[in-house]
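Since the structure comes first, as structure tokens, the remarks are kept for the end.
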Amino acid sequence: MRKSVPVVAALSLFVLTPEVVRADPRTGYLVQQLKTSEDFRVRTQAALALGASGDDAAVKPLCDALADSNDSVKVAAAAALGKLGKPAGLPCLQSAIKNEKVASAKTQMQKSIDTLKSGGVAAPPPPGPDTKYYVAIEISNKTKRPAAEIETIVRSAMQTKILAKSGYAVAPKGETAAQGGKVVNGKKLKGFYLIASVEPPVYENGNLTQIVRVSMWTYPGKALQGEFSPKLTQSDTPKTDVQSENVLMKMCVENAIDSFAKIVASL
């Protein structure tokens, strides 16, 4: 019988003040490049950069680029819409794929459609032969922003961070405890369940503060192990700045995952 993991109290509290982070000021420039450059390579790079921008303003120009005269640009635009993860990109992808004749572009459009349909987060790969830890994720949205939007941002950041660590696999969204139990027991893995509770952003004294509380549980049994509560404050942010909120949310959960992995390694 595997030794049970001891229950611990709240594990860590981070209070960090990052440098001021803003939405990419190059978004407008990238959109202009995508629309007007005569060099398809420039348009391709602009599309990919827009996909990584996290900016809502990138959706329409990327949708327009699905009809670009160059196949590489179309593929890049389709990939960028999937990476961007905005639900508004789904209708234009579904419309474009109906008339697309180029196989590579059509394939990428379908991949991005599947990603957006799953909430903007690509399905994680199954556990491999070197996997030791299996992590299920749940997102609790306490902000006033749409739940689907917060889910996409936070789940994507957590999944990416976890999968970047050796020996880790992530449970697919919607997996039941019974299904997870079969994976954990069948492959003799250590299972964990992380619940990320995104607190409302606080704008005070010209600053933006964001807290994401990440509780750590066993899986599939769900016995509480502890909590990480990263707190990030950005100066010079007197009014609502959604892009900065997004960045701080990602940084919060990434810090929590680093601490989680350290605790797991010590068990």
Side-chain (Ser53) to main-chain (Leu50) donor-acceptor, under 3.5 angstrom: yes
Within-4.5 Å side-chain heavy-atom neighbours: Arg43 and Asp68: yes
Tell me which donor-acceptor pairs under 3.5 Å the side chains of residues 246-254 have, and how far apart each pair is, sequence neighbours excluded?
from, atom 1, to, atom 2, distance (Å)
Asn246, OD1, Arg145, NH1, 2.9
Asn246, OD1, Arg145, NH2, 2.7

Exercise: identify the closest heavy-atom pair between Thr152 and Gly85: CG2-O, 3.9 Å
Criterion side-chain hydrogen bond (donor to acceptor under 3.5 Å, both in side chains) against Tyr134, the qualifying member of Lys190, Glu175, Lys187: Glu175
Lys/Arg cation over aromatic Tyr193: Lys222, 6.0 Å, 45° cone: yes
Output side-chain donor-acceptor pairs under 3.5 Å for residues 176-183, partner residues at least two apart or in another chain, one line each.
from, atom 1, to, atom 2, distance (Å)
Thr176, OG1, Gln179, N, 3.1
Thr176, OG1, Gln179, OE1, 3.3
Gln179, OE1, Thr176, N, 2.9

Gln225 vs Trp217, side-chain contact (heavy atoms from CB on, under 4.5 Å): CA-CA, chis, key distance, verdict: CA-CA 5 Å; Gln225 303 295 285; Trp217 309 68; 5.5 Å; no
Within-4.5 Å side-chain heavy-atom neighbours: Val198 and Gln210: yes
Backbone of Ser235 reached by a side-chain donor or acceptor of Thr237 within 3.5 Å: yes
Asn141 versus Thr143, side-chain donor and acceptor atoms under 3.5 Å: yes
Side chain to side chain donor-acceptor pair (under 3.5 Å) evaluation trace for Thr27 with Asp55: CA-CA 8 Å; Thr27 296; Asp55 197 334; 3.2 Å; yes
Test side-chain contact (heavy atoms from CB on, under 4.5 Å) applied to Ile139 and Met158, step by step: CA-CA 10 Å; Ile139 312 301; Met158 293 179 73; 4.0 Å; yes
Residue pair Phe228 / Arg213, side-chain heavy-atom distance below 4.5 Å: no
From CA spacing to verdict: side chain to side chain donor-acceptor pair (under 3.5 Å), Gln110, Ser112: CA-CA 5 Å; Gln110 187 60 57; Ser112 292; over 6 Å; no
Minimal non-hydrogen separation, Ala47 against Leu34, with atom names: CB-CD1, 4.0 Å
Residue pair Phe192 / Ile162, side-chain heavy-atom distance below 4.5 Å: no
Residue pairs passing the side chain to side chain donor-acceptor pair (under 3.5 Å) test where at least one lies in residues 162-171, sequence neighbours excluded: Lys165-Asp258
Salt bridge present between Asp56 and Lys86 (N-O < 4.0 angstrom): yes
Asp64/Lys60 salt bridge by N-O under 4.0 Å criterion: yes
N/O donor-acceptor pair under 3.5 Å between Thr131 side chain and Gly128 backbone: yes
4.5 Å side-chain heavy-atom contact, Val102 and Lys106: no
Check: Glu138/Ser140 side-chain N/O donor and acceptor closer than 3.5 Å: no
Worked check of side-chain contact (heavy atoms from CB on, under 4.5 Å) between Leu189 and Tyr133: CA-CA 6 Å; Leu189 307 176; Tyr133 311 110; over 6 Å; no
Val202 side chain reached by Leu208 side chain, heavy atoms, under 4.5 Å: no
Chi angles and distances behind the side chain to side chain donor-acceptor pair (under 3.5 Å) call for Ser244, Gln234: CA-CA 8 Å; Ser244 290; Gln234 177 173 290; 3.0 Å; yes
Pairing of Asp71 and Lys74 as salt bridge, 4.0 angstrom limit: yes
